[in-house]
Amino acid sequence: MAEAPRFLPYGRQVIEDDDIAAVVEALTSDFLTTGPRVEAFEQAFAEKVGARHAVACSNGTAALHLALMALDVGPGDVVIAPAITFAATANCARYQGAEVVFADVDPDTGLMTPETLEAAIARVGGRRLKAVLPVHLGGHAVDLPALKRLADAEGAVLVEDACHAVGSQMTFGNVAERVGDGRHSSMACFSFHPVKTMTTAEGGMVTTNDPMLARRMSLLRSHGITRESADFTAPELSLDPSGAANPWSYEMQQLGFNYRLPDLLCALGLSQLAKLDRFIETRRALTTRYWELLPPLAPMVRAVSSPPYSNSALHLFVVLIDFAALGRTRKQVMDDLRARGVGTQVHYIPVHRQPYYVERYGALELPGADAHYARCLSLPLFAGMEMGDVDRVVEAVRRVVRD
Ligand SMILES: *Cc1c(COP(=O)(O)O)cnc(C)c1O
């Protein structure tokens, strides 16, 4: 019997010998956490995306939470998040006691647009809109300059959920820009979960050009504690009668968390960051092959395309399938593909439809989000795939929709 072809998940990490060696080296060094690799990773990442500051943290969710804490988002405030995203984008506002207004999305791309943001702003009512959190879904950039104009007009801060967009770029006007360079936003939040474009197992990063925000976030990720005597505010607690700081002194001046990223994982991050461009090139070649092979399956199956200004790092390869016209449910299609060795996933169940948010905000109608959700399916795309894998996936899809 012929050997069954290897199962292709929709996404997975690529770990190479030098990644392993980097982690082993860190593991046998003096520091497992809060060592020299943390700052080295932050500096290398800031340089890679063109930001002045980068603050490493334990995951992408912590990155989003740190960003909103640094902005003093709190009870009574409103944060706008798109309905098509991972729950964490909205949840970080709730951690701070703020309320979420969900923006609809473009039914094809799943992205927040100037139009859907405007409609969401109209639903904020008399409350204070503190932040807008667009998501670069699948790595495809949102129209940042246009979203920023709308946020600015409301006195709100733009914070990018760039968890899909490590390495994504954009061109507005004739200017080439990198996601995270902070030209149009206050902060950008990244994730290094294994399915993203590079990984530290768990891990996250916030980039900003504002030194005050960077400083606040680095304190908040470690309990709100400072060890710098120049910042001490309680002499009787922290200083010797001579006025010098006690050697054991630290001050907790605000309520923070333990959101640190260990030195060990920063070693992996440094190693992975060095190969990010290669990973993205592979994703680009694989995506190009999908685009060559998929057109005959239209209009039943159509690939989601990137907006013209966006040069995506291609975190996901999403197709829109007309399940109604096909006469099969999405579960049937996913099961059939799985039986043919092809893993798929749905990005995402609209967050405003989750029971927690329905209970809080009632049943909202966001037709763009529903239309995107009804048709989307993510096909395998990761840097460890081979070109022939794409042919195999498309052949499996062809059989499932044609037979
Ligand atoms: C992965 C992801 C997050 C959260 O990142 P974690 O590192 O898993 O906490 C947030 N937003 C989006 C859009 C994501 O895809």
Side-chain angles (χ1 to χ4, degrees), residues 9-13 41 45 54-69 79-96 100 102-103 105-106 109-112 131-142 144 147 158-168 179-180 185 187-207 217 221 257-262 265-266 268-269 272-273 283 304 310 312-318 345-352 354 357 369 372-373 376 378 381-382:
Y10 85 89
R12 67 161 283 148
Q13 70 277 14
F41 183 36
F45 193 87
V55 178
C57 56
S58 40
N59 52 61
T61 307
L64 290 160
H65 188 194
L66 284 171
L68 293 198
M69 276 193 278
V79 170
I80 292 179
I84 295 293
T85 182
F86 184 55
T89 318
N91 293 353
C92 65
R94 295 294 308 130
Y95 296 157
Q96 289 301 101
V100 182
F102 287 102
V105 298
D106 179 278
T109 64
L111 296 173
M112 181 193 284
V132 175
L133 261 66
V135 175
H136 303 299
L137 193 70
H140 308 303
V142 295
L144 281 175
L147 299 185
L158 202 62
V159 176
E160 297 163 68
D161 180 337
C163 288
H164 290 188
V166 180
S168 284
V179 167
S185 76
M187 288 170 276
C189 304
F190 297 89
S191 165
F192 308 122
H193 182 278
V195 298
K196 312 287 161 88
T197 48
M198 59 169 273
T199 190
T200 60
E202 296 280 359
M205 190 78 80
V206 189
T207 60
M217 289 188 287
R221 82 168 157 198
F257 292 78
N258 181 349
Y259 277 168
R260 295 187 298 264
L261 185 62
L265 299 185
C266 290
L268 181 55
Q272 289 263 303
L273 186 63
R283 286 172 178 274
V304 169
S310 164
S312 174
L314 303 165
H315 164 52
L316 297 174
F317 189 82
V318 181
Q345 190 48 278
V346 175
H347 296 97
Y348 289 94
I349 301 167
V351 184
H352 70 291
Q354 293 292 355
Y357 284 109
H372 187 79
Y373 172 58
C376 66
S378 301
L381 181 65
F382 54 94

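Every number for a ligand or one of its atoms is a count from 1 in the order of the listing. When reading the values below, keep in mind they use all heavy atoms of this one structure, side chains included, and skip hydrogens, waters and symmetry mates.
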request  = Could you label the plane-to-plane angle of the Phe41 and Phe192 rings as parallel, tilted or perpendicular, counting under 30° as parallel and over 60° as perpendicular?
outcome  = tilted
request  = Anything under 30° is parallel, anything over 60° is perpendicular, the rest tilted; go ahead and classify Tyr259 against His65.
outcome  = perpendicular
request  = Specify the protein heavy atom at minimum distance from atom 3 (C) of ligand 1: its residue, its atom name, and the distance to 0.1 Å.
outcome  = Cys163 SG, 3.6 Å
query = Any idea which atoms of ligand 1 are less than 4.0 Å away from a heavy-atom of Thr85?
reply = 13 (C)
message = Pairs of nitrogen or oxygen atoms closer than 3.5 Å, one from His193 and one from ligand 1: do any exist?
response = no
key: Atoms in ligand 1 with a heavy atom of His164 nearer than 4.0 Å   = 13 (C), 14 (C), 15 (O)
query = Should the proximity of Phe190 to ligand 1, defined as any heavy atom under 4.0 Å, be assigned to the side chain, the backbone, both, or neither?
reply = neither
task = Can you spot which of Leu66, Leu261, Val206 makes a side chain to side chain contact (heavy atoms under 4.5 Å, CB included) with Arg221?
result = Leu66
key: Polar contact flag, side-chain donor to acceptor under 3.5 angstrom, Gln13-His193   = no
request  = Report yes if some N/O of Val135 lies less than 3.5 Å from some N/O of ligand 1; otherwise report no.
outcome  = no
task = Mind checking the OG1-CD1 spacing from Thr89 to Ile84? Nearest 0.5 Å is all I need.
result = 11.0 Å
key: Ring centre gap for Tyr95 and Phe257 strictly below 6.0 Å   = no
Interfacing atoms of ligand 1 (cut-off 4.0 Å, heavy-atom, Tyr348) = 15 (O)
message = Give me the residue, atom name and distance of the protein heavy atom closest to atom 6 (P) of ligand 1.
response = Gly60 N, 3.4 Å
ask   = Does ligand 1 have a heavy atom under 4.0 Å from the side chain of Asp161, from its backbone, from both, or from neither?
value = side chain
query = Any N or O on Ser191 sitting closer than 3.5 Å to an N or O of ligand 1?
reply = yes
key: Any donor-acceptor N or O pair under 3.5 Å, side chains Ser378, His347   = yes
remark   = re atom 2 (C) of ligand 1, the protein heavy-atom contact at minimum distance is Lys196 NZ, 2.7 Å
note = In Val159, Leu158, Thr207, the residue satisfying side chain to side chain contact (heavy atoms under 4.5 Å, CB included) with Ser185 is Leu158
query = Where the closest heavy atom to atom 4 (C) of ligand 1 is concerned, which of Asn59, Thr89, Thr61, Thr199 has it?
reply = Thr61
query = His164 vs His315 aromatic rings, parallel, tilted or perpendicular, using cut-offs 30° and 60°?
reply = tilted
query = Quick one: which ligand 1 atoms are inside 4.0 Å of a heavy atom on Phe86?
reply = 3 (C), 12 (C), 14 (C)
